[in-house]
Amino acid sequence: QVQLAESGGGLVQAGDSLRLRCAASGSPFNSYSYGWFRQTPGKVREFVAGISLTGSKISYADSAKGRFTISRDNGKNALYLQMNSLKPEDTAVYFCAAWQPKSFDDLGAARIQEREYEYWGQGTQVTVSS
C-alpha cells in the first residue's frame, strides 16, 4: 500500500501563494489516483481537488476553481497543490489521499467523495492571516 506525506504548509498572508507537496512511497506512484482534502476544527473534511491516474481528468471544489491547481509528477512520485490568492477561509489542515483504480473506466476518473479514498497522509497546516 502507498504511504503519503504532505509538506509545504505554513503561515501566509491573504493574497499569498503556497505549494503543497505530497510524497508517495511504498507502492508504485502511478498505480493510484490522488486528491487533496482539507479540514478545519469542528467541520467535516472537504474535497479540494482530485486528479485521475492518467492525469487526464481533474476536478475542483468550487472554492478552489481558478485559484488552486492540482498536478502530479510520476517521475518524482509526487502530488502537488498550487494555491494562489489565498484567503483566510482557506485556513485548514490539508490532506492528500489516494485510491487505486479497479477498472478501465476508473483510469480516467477523479473522485470527489472522501469515502472513495483508501489512503491518507497526516496533513499539513495552512494558515492564512487577513
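This chain uses plain numbering: 1 for the first residue, then up along the sequence.
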In the hydrophobic cluster built from side-chain contacts under 4.5 Å, what are the other members alongside L81?
-> V2, L4, V12, L18, L20, F29, Y32, Y34, W36, V48, I51, I58, Y60, F68, I70, L79, M83, L86, Y94, Y119, V126, V128
Trace of the side-chain contact (heavy atoms from CB on, under 4.5 Å) decision for D106 with R111 = CA-CA 9 Å; D106 283 349; R111 305 291 191 199; 2.7 Å; yes
Is any side-chain heavy atom of S27 closer than 4.5 Å to a side-chain heavy atom of Q1?
-> no
Locate the shortest heavy-atom distance separating T54 from S56; write the atom from each residue and the value.
-> OG1-OG, 2.7 Å
Shortest non-hydrogen pair, Q82 vs S17, comes out as NE2-CB, 3.9 Å
Quick check for you: to the nearest 0.5 Å, what is the distance between [X] atom [atom1] and [Y] atom [atom2]?
{"X": "L11", "Y": "Q125", "atom1": "CG", "atom2": "CD", "result": "9.5 Å"}
{"X": "D90", "Y": "R38", "atom1": "CG", "atom2": "CZ", "result": "5.0 Å"}
{"X": "S130", "Y": "K87", "atom1": "OG", "atom2": "NZ", "result": "14.0 Å"}
{"X": "N30", "Y": "N77", "atom1": "CG", "atom2": "CG", "result": "8.0 Å"}

Hey, is CD on Q113 packed in by over 12 heavy atoms from elsewhere, all under 6.0 Å?
-> yes
Should we count NZ of K102 as having more than 12 external heavy atoms under 6.0 Å?
-> yes
Could you check whether any side-chain N or O of [X] sits under 3.5 Å from a backbone N or O of [Y], counting only pairs where one atom can act as donor and the other as acceptor?
{"X": "S33", "Y": "L53", "value": "yes"}
{"X": "R72", "Y": "S52", "value": "yes"}
{"X": "E6", "Y": "C96", "value": "yes"}
{"X": "E118", "Y": "Q100", "value": "yes"}
{"X": "R67", "Y": "S85", "value": "yes"}

Looking at residues at least two apart in the chain, or sitting in another chain, which of them share a ring-ring contact (aromatic ring centres under 6.0 Å, His included) with F37?
-> F47, Y117, W120
